Amino acid sequence: MSGTVVVGGGIIGLSIAYRLMSRGADVTVLDGGDDGAWHVAAGMLAPGGESEHEDPQLIRLLERSAELWPGFAAELGVDVGYDDTGTLSLAMTPDDLAQRARVWSRQQLPLLRPSELRTFEPALSPRVRAGVLAREERQVDPRKVVRALRERLGSRVVLKRVSSLSDVDAATVVVAAGCGTAALTGLPVRPVKGQVLRLRGEPGLLRHVLDAAVDGREVYIVPRADGEVVVGATQEERTDRLVTAGGVRDLLRAALDLVPGLAEFELTETTVGHRPGTPDNAPLLGRLDERVIVAAGHFRNGVLLAPVTADLIAGLVLDGSSPPSPFSPGRF
Ligand code: GLY
């Protein structure tokens, strides 16, 4: 095999391969055949709300990728569920409000009263105390994105599980294997379990993404145009794939407290994924050695960071330009 081989057929690996292909490179993706975190992910594109940490370099990378998303979605040429209605970030109790206030003040968004919030989303519980509208925080449907990327790449995606990089015959190997990156490279990528639910009902109950603190619990609710509603997510330092009674109870309780009308929706899916975390929960982007490049460890932001990762890694492969040094795999 010549050219570049991308190990990993998730949203990161496919996006990199797509960008390499669109720049005229010879590329093959080796897809291990398992659904990755993208299959579970809700697809929030939230550069502000998802960054608990305030590392300015990471925030800049998240914002840069958020800016790339409209063009990336358009380039794919099919509906990938890109929706720019925006996100309502909400707090239910005074303690929830105190917990959210720091992020909101960094985002410099005006605080909205309950009556104002209900003009945006009439289905919200009257218990919601305050919130902000983050117009820049959008959504995409990761399952549709992956389907579109696979279609564009066609026969360049090959079903093959890689257990050692020495088995990959290519001049350049890009490891974008999510949590599997640790076994292939020795880099510290750990699985962080997330349980996510999918509900389905009449379209139109909600229009915005909701991201809320509800009685001390974090929950997000992502409504799609077709009536699907994604509810997430637990965050557990665990490797198992169990959907637990407690996980489902906590997510449903928070979601139904926030939007009581969801009680009438059908519970269609209970899923588990593993976010690829790193010790500082920032991604690993860069060269490991002469032949091997890494693009992994995107933690809670794999969907958001796909376009910028694709551009940066294609730039490294084709132009020799290094991604920003704070994300170098050499830091561990
Ligand atoms: N980005 C949402 C999550 O990781 O749950």
Side-chain angles (χ1 to χ4, degrees), residues 10-12 15 35-53 55 58-59 61-63 65-66 69 80-83 86-90 99-100 103 107 134 136-146 178-179 181 189-199 208-214 217-224 228-244 246-248 250-252 254-255 258 269-278 280-283 296-309:
I11 199 162
I12 296 291
S15 298
D35 286 334
W38 60 269
H39 186 73
V40 174
M44 293 158 74
L45 307 176
E50 278 285 281
S51 50
E52 308 147 21
H53 34 66
D55 176 51
L58 180 53
I59 290 174
L61 192 74
L62 297 168
E63 288 172 349
S65 207
W69 253 108
V80 291
Y82 180 77
D83 182 329
T87 294
L88 285 175
S89 175
L90 303 165
Q99 183 260 322
R100 288 269 152 151
V103 177
Q107 291 175 302
E136 302 308 315
E137 313 232 322
R138 300 170 176 177
Q139 65 152 307
V140 73
D141 185 337
R143 295 180 181 180
K144 289 185 175 171
V145 175
V146 164
C179 295
T181 302
V189 181
R190 72 185 196 289
V192 182
K193 178 179 172 184
Q195 301 185 49
V196 175
L197 313 177
R198 278 171 166 77
L199 315 179
H208 298 77
V209 173
L210 307 180
D211 176 16
V214 180
R217 288 208 166 80
E218 297 289 322
V219 69
Y220 53 78
I221 298 177
V222 181
R224 311 264 196 240
E228 181 177 84
V229 175
V230 186
V231 178
T234 65
Q235 183 167 313
E236 307 162 67
E237 296 285 338
R238 299 177 65 97
T239 56
D240 66 77
R241 301 198 62 84
L242 296 179
V243 175
T244 64
V248 174
D250 288 351
L251 292 172
L252 284 180
L258 193 63
E269 275 188 54
T270 56
T271 51
V272 171
H274 291 93
R275 309 170 182 93
T278 63
D280 58 9
N281 287 329
H298 293 72
F299 191 44
R300 293 180 66 98
N301 291 300
V303 178
L304 172 58
L305 288 172
V308 79
T309 300

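Predicted, not measured: the structure shown is a model, and the values here were computed from it. Counting starts at 1 for both ligands and their atoms, in listed order.
- There is no side-chain donor-acceptor pair under 3.5 Å between E269 and T271.
- By the side chain to side chain contact (heavy atoms under 4.5 Å, CB included) test, T309 pairs with I12, I16, L285, A295, H298, L305, I313, sequence neighbours left out.
- Listed by chain and number, the residues in a side chain to side chain contact (heavy atoms under 4.5 Å, CB included) with D83 are T85, Q139 (sequence neighbours excluded).
- Contact annotation: for R275 versus ligand 1, heavy atoms closer than 4.0 Å belong to the side chain alone.
- For the pair N301 and ligand 1, the shortest N or O to N or O distance does not fall below 3.5 Å.
- Near A233, the atoms of ligand 1 lying under 4.0 angstrom from a non-hydrogen atom of the residue are 5 (O).
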**OP:** Would you please test V140 and R138 for side chain to side chain contact (heavy atoms under 4.5 Å, CB included) and show each step?
**Re:** CA-CA 7 Å; V140 73; R138 300 170 176 177; over 6 Å; no
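- Contacts of F299 with ligand 1, taken as heavy-atom pairs under 4.0 Å, are absent altogether.
- Using modelled atom types and a 3.5 Å distance limit, the side chains of Q107 and E136 yield no donor-acceptor pair.
- The atoms of ligand 1 that sit less than 4.0 Å from any heavy atom of Y220 are 2 (C), 3 (C), 5 (O).
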